[in-house]
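A short write-up of the structure that comes next.
Computed from a predicted model, the values in this text were never measured in an experiment. Every chain is numbered from 1 and lettered A, B, ... according to where its sequence line falls, protein lines coming before strand lines.
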Amino acid sequence: MSEEKSLNFIEEIIEADLANGKYPTILTRFPPEPNGYLHIGHAKSICLNFGLGIKYGGKTNLRFDDTNPVKEDTEYVDSIKEDVQWLGFNWEKELYASDYFEQLYLLAVDLIKKGLAYVDDLSAEEIAALKGTPTVPGMDSTNRARTINENLVLFAEMKAGKYKDGEKVLRAKIDMASPNMHLRDPLLYRIKHAHHHRTGDAWCIYPMYDFAHGQSDSIENITHSICTLEFIPHRELYDWLIEKLEIFPSEQYEFARLNMTYTVISKRKLLQLVNEGHVQGWDDPRMPTISGMRRRGFTAESIRNFCEKIGVARRENMIDFSLLEFCLREDLNKSALRVMGVLDPVKLIITNYPDTQTEELVSENGPDDAYGTRIVPFSKELWVEREDFMEEAAKKWFRLAPGARVRLKSAYIVQCDGFTKDENGLVNEIHCSYLPETKSGSDTSGLSAKGTIHWVSVPHALPAEVRLYERLFKVENTASEEGDFKEYINEDSLKIISNAWVEPSLQTGTTATRYQFLRKGYFCLDKESTADKLVFNRTVTLKDAWLKEVKKH
RNA sequence: UGGGUUAUAGUGUAAUGGUAGCACUACAGAUUUUGAUUCUGUCCGUCUAGGUUCGAAUCCUAGUAACCCAACCA
């Protein structure tokens, strides 16, 4: 039954490694720096790393790459853990690069003893000047010739706090003429008299990425260390350090990071959007952060499916936002409760319906019988969608218009007889007569209506605020446009409707409940919603064939 | 213009010398008490030029384009 599914290039490597006995089992890791919130690009990495662990019966660690104390905070650690768990993954161990500071220090001492690292007194500017350029070889620092003993003493003094920030660094002794800039005696340690969110003031020297990441991988016996393409030039250094240190040979593999149309996916840019007030926080429902998407109403399942569909490769990519929406709708369609809500209300009066009568009609809750039914109250006055009425019916118009017949969902077929306008010329009442024998479930009329519309009974309706979201940017790819990415922000990405009406069954529900407002889209309760003031987020619209028809003309 | 990486429909991803497939998008139709869902169909592709081969997306040669690398960030 199971179809042969093609492997991505990392799976091929793993299967080969397992087949030839290179490793008995695999261990991967997801290694975020706790300096911001996770976004959809991280989700790709999470699904990849944890997915491989699951697929091949191995394990995956969650490791915080917390080697730069001035940028990191426990706030981010907590949010990252929450997001990974929410996505549905369990880590083998929760680890921190800062747990290895002592071991890393000893590894650095080892490197010095091997004559492969030295303490340099040059300033950042001087080091940069001597580094050369991609086309011009670098030149040795005079400190490169220091003896092993001298280096040992100086490095110990760095650790002991004898020097101020920037006075000294530890560098690997490799090749100042290498065509790979990362091999021109890269910095291994720098001095930072800064408070670390976990180690406090215990350290004033901190390892650089290149002397922490691969070593942490090795300490944990990570078999496949998977990162993004921009780390390709680091791999030579990654391998060099592991070889010279004679530690567990973890191997680095790189894949292309996720790019998506109509958004930005970079911590730096997302941070700007938050700090400059273009959005209301990291979990603003317009943000491509995991927390933003969760608040917006995305399901973890839909995000995992998306990550599965986009694949893993080594070429630059730009994924259509519509694929994400497809995955979202695909999942929500299966699980969302069907309810009725009117976003732009206009009153419909059933002239031949008894003034004080109320009926309890039965309507289905979901896409199949398993969801059961609920009671929806019906009466003489209903709220219906303003856009479902036209004074003069257009071609192919299936909805309300004078003389036209429509089905009120789960209720009756009504015939539109007329309408009234207010002093501003705005339609304020639609007058209809209902056909009693067309009652839903017991229709004996033999009549049919082309269109079916949703409604809410006026005396029973609950007021609600509804927040509609559009894409955050006006252009597909801000990076390929002139100027700053913020010039392309869509100012209309949030529309708040304060006078919507929803059916009474929506009084109870949690932020975990997913709804489909019939014909209007998928919605969920926002975290700001209260029993007195319901607030809904529109997660995504339904596909709308009529809208397309209208746009054609 | 030093080094590295990558080029397959509009987008993403397969095909590991042997029928260029799948998904999204777009378009058309059927069904529908959601103009949703579901179902059916259509359009559209191997960066270029040579070469090897019975046979090339795949191998070779030469181009072209895009991205990455000169932070005491990760």
Side-chain angles (χ1 to χ4, degrees), chain A residues 5-8 12 31-33 35 65-68 70-72 97 120 122-124 127-129 131-138 165-171 178-184 187-192 205-206 208-210 212-213 227-236 254 256 261 267-268 309-327 329-330 333-334 338 340 363-364 367 396-399 406-411 413 438 440-441 443 448-454 476 516-521 541-549:
Chain A
K5 186 156 188 323
S6 56
L7 305 175
N8 66 47
E12 284 183 357
E33 182 187 13
N35 69 343
D65 228 339
D66 55 350
T67 57
N68 186 0
V70 300
K71 287 190 172 178
E72 298 152 5
D120 201 343
L122 264 31
S123 69
I127 287 175
K131 201 156 217 166
T133 69
T135 53
V136 179
D165 289 10
E167 279 190 356
K168 286 186 168 36
V169 291
L170 184 73
R171 302 178 71 178
S178 172
N180 182 346
M181 298 299 289
H182 293 271
L183 258 35
R184 320 250 266 223
L187 270 61
L188 267 23
Y189 269 89
R190 77 285 215 191
I191 297 170
K192 271 183 197 285
I205 58 171
Y206 292 92
M208 299 288 289
Y209 166 84
D210 285 308
H213 200 100
C227 60
T228 46
L229 250 29
E230 64 268 29
F231 290 95
I232 289 175
H234 294 253
R235 189 174 62 232
E236 221 180 332
E254 312 87 8
T261 55
K267 270 189 203 170
R268 185 180 61 81
K309 280 196 163 69
I310 59 178
V312 178
R314 278 167 74 84
R315 50 174 170 263
E316 296 293 332
N317 58 77
M318 180 61 73
I319 308 287
D320 275 343
F321 194 81
S322 58
L323 180 62
L324 216 208
E325 292 189 329
F326 168 81
C327 293
R329 292 189 182 110
E330 183 185 43
N333 179 50
K334 289 184 293 192
R338 268 58 171 177
M340 292 194 281
S363 192
E364 61 277 14
K396 296 191 199 171
W397 178 254
F398 301 163
R399 311 178 192 175
V406 298
R407 158 79 61 185
L408 296 172
K409 173 68 183 172
S410 297
I413 291 178
T438 60
S440 184
D443 189 334
S448 67
K450 266 200 193 141
T452 299
I453 64 170
H454 60 282
E476 281 200 354
Q516 185 196 100
F517 285 14
L518 244 45
R519 306 206 301 134
K520 297 311 296 180
T541 61
L542 256 27
K543 281 210 278 185
D544 191 340
W546 173 249
L547 190 65
K548 271 183 190 170
E549 185 67 29

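Counting distance only, with no hydrogens placed and no angle test, the side-chain atoms of A/E254 and the base atoms of B/U5 include no donor-acceptor pair under 3.5 Å. Residue-to-nucleotide contacts include a donor-acceptor pair under 3.5 Å from the side chain of A/H234 to the base of B/A74. Checked by distance alone, A/S440 brings a side-chain donor or acceptor within 3.5 Å of a matching partner on the base of B/U33. A/R315 contributes no side-chain N or O that forms a donor-acceptor pair with the base of B/U6 under 3.5 Å. Looking at A/R399, its side chain comes within 3.5 Å of the base of B/G35 through a donor and an acceptor atom.
A close approach under 4.0 Å does not occur between any side-chain nitrogen or oxygen of A/K309 and OP1 or OP2 of B/U11. Contact annotation: A/K543 does not reach the phosphate of B/G35 (side-chain N/O to OP1 or OP2, under 4.0 Å). Taking only side-chain nitrogens and oxygens, A/K192 comes nearer than 4.0 Å to OP1 or OP2 of B/C73. For A/R190 and B/A74, the shortest distance from a side-chain N or O to OP1 or OP2 is below 4.0 Å. In this model, the phosphate group of B/A74 is approached by a side-chain N or O of A/T67 to a distance below 4.0 Å at OP1 or OP2.
The residue among A/D65 and A/K450 whose nearest nucleotide of RNA chain B lies closer to the 5′ end is A/K450. Comparing A/H213 and A/A449 by the nucleotide of RNA chain B that holds the closest heavy atom to each, the one mapping nearer the 5' end is A/A449.
Across all strands shown, the partner of B/A66 is B/U5, judged by Watson-Crick or G-U wobble contacts whose two distances both fall under 3.5 Å. The nucleotide B/A57 finds no pairing partner, because no Watson-Crick or G-U wobble arrangement with both distances shorter than 3.5 Å includes it. Pairing of B/G21, defined by two Watson-Crick or G-U wobble distances under 3.5 Å, is identified with B/U13. In this structure B/U33 sits in no base pair that meets the Watson-Crick or G-U test at under 3.5 Å. Pair check for B/A26 finds B/U42; Watson-Crick or G-U wobble, both atom distances under 3.5 Å.
Under 3.5 Å, the side chains of A/E72 and A/N35 contain no donor-acceptor pair of N or O atoms.
For A/H454 and A/F517, the distance between ring centers is not under 6.0 angstrom.
Checked for salt-bridge contact, A/D210 and A/R235 miss the test: no charged N lies under 4.0 Å from a carboxylate O. A salt bridge links A/E549 with A/K396: the distance from a Lys NZ or Arg NE/NH1/NH2 to an Asp or Glu carboxylate oxygen falls below 4.0 Å.
To the nearest angstrom, C1' of B/U13 lies 16 Å from CZ of A/R314. Regarding A/L229, its CG atom lies at a distance of 11 Å from the P atom of B/C69, rounded to whole Å. If you measure from atom CG of A/N317 to atom C1' of B/C24, you get 14 Å, rounded to the nearest angstrom. Per the geometry, CZ belonging to A/F321 stands 14 Å off P belonging to B/A26, to the nearest Å. The nearest whole Å value for the distance from the CD atom in A/E330 to the P atom in B/U37 is 11 Å. Remark: C1' of B/U25 and CD1 of A/I310 are 16 Å apart, rounded to the nearest angstrom. Taking atom CD1 of A/I127 as the reference point, atom P of B/A70 lies 15 Å away to the nearest angstrom. One atom, CD of A/E476, and another, P of B/A26, lie 13 Å apart when rounded to the nearest Å.
Of the candidate nucleotides B/U13, B/A36, B/A26, B/A26 has the atom nearest to the side chain of A/K548.
Taking the C1' atoms as reference points, B/G45 lies 15 Å from B/A23, given to the whole Å.
Minimum interatomic distance between A/A256 and A/N317 (heavy atoms only, all atoms of both residues): CB-ND2, 3.8 Å.
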